[in-house]
Amino acid sequence: MVEQQRKADNHAGIAIVKIEAEIGVSLGSGLIFKNARFDGDAAGSGSAAQVFLRRINRFGAFLQETGTADSGLGGASVLREALHLLPRENYLYYGDNANAPYGDRTYADIAVLTEKSVSAMADFGIKAAVIACNTATATCIDALRGAFPFPIVSIEPAIKPACETEGSGRVLMLSTAATASLPRYKHLLSTMKDPSRVVSVPCPGLVERIERGCFAADAFDDILEKHLSFLEGETIDAIVMGCTHYVFIKKAFARYASLHFKGKAELFDGNAATVRQLGRVLKANNIENPCGSAHVEYRTSGDKARLDPIFRSLIAR
Ligand code: DGL
């Protein structure tokens, strides 16, 4: 307790000195509050220093963004949901488009690239992060949580609600090759009541086409035929978008299902659940914005001039 008190007072002292030096210059970066926020909150209430910390934390949080990262454009489907459900927050989006797709890369590559993306967002001064990429989550979410001081929210393929659909048909889980083969997904699958109902199908090729700005319902028939024709005529109760890119081409999946499957093939994604979890995490850390309207900052490792209009139109849909 004495040690916690000392830490909190020490952080308060550092924060005051830095505020005096930097106020009006780098408040927007939020970096000056990074350590103070979490240690101070953990120390609980009590001293004047702790009360002061909580006040500046709220002010800092008000200015700071929540970072949202993906290999490319897919995470914009999560951000779009966040803009609906948490419209008072500010967001930084980081798309690693220069290195997309992640799904066919080695696990080591995916982990290194994701760490770089989150570091880029940390340098910007975010208050929390969302890994809006099933592939990155399945590969390295635990390592990321150990490496960064802010809370990190992740996404999972929505097989749980999909498996709750009525019917005797199958549940399709479509994702990148990496997601479907990683232990994290296999463990999630093993927790379902009847894992054998779920057919996990990697769909390489879809992300590349989406990254080129292609979203038309009939523009993916060839790739879907290649990956899903072995299920021709089967009863499919649910299809899980196990990749955030796929959420933008739901019409392509619905079209394919109506032509080739029996059953209602209801479409599921994990976006809303992820954003609701972000809301809980911001609240639990006392860093949610009490008022204001969303500002979105877009960063990419790719060709920003080409991608920016696509990104803006995707989050506005
Ligand atoms: N959007 C990503 C996902 O949710 C990854 C796509 C990729 O880069 O392969 O898995």
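Just so you know, ligand 1 is whichever comes first in the structure, and atom 1 is the first atom listed for that ligand. For the single chain, residues carry numbers from 1 onward in sequence order.
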Worksheet item: Restricting to pairs with a member in residues 74-87, which pass side-chain hydrogen bond (donor to acceptor under 3.5 Å, both in side chains), not counting sequence neighbours?
Response: S77-N271
Worksheet item: Are side-chain heavy atoms of V296 and F311 found at a separation under 4.5 Å?
Response: yes
Fill in: Identified side-chain hydrogen bond (donor to acceptor under 3.5 Å, both in side chains) counterpart of T300 within the set D96, N97, D308
N97
Practice prompt. Supply the members, apart from L113, of the Ile/Leu/Val/Met/Phe/Trp/Tyr cluster built from side-chain contacts under 4.5 Å; use none for a lone residue.
Written response: Y102, I110
Worksheet, complete the sentence: Residue set satisfying side-chain contact (heavy atoms from CB on, under 4.5 Å) with K226, at least two apart, ordered chain then number -> none
Worksheet item: Any idea which residues sit under 4.0 Å from ligand 1, heavy-atom distances?
Response: D70, S71, P101, Y102, G103, C133, N134, T135, T176, V207, C243, T244, H245
Practice prompt. Could you tell me whether the side chain of S301 and the main chain of A98 form a donor-acceptor pair under 3.5 Å?
Written response: yes
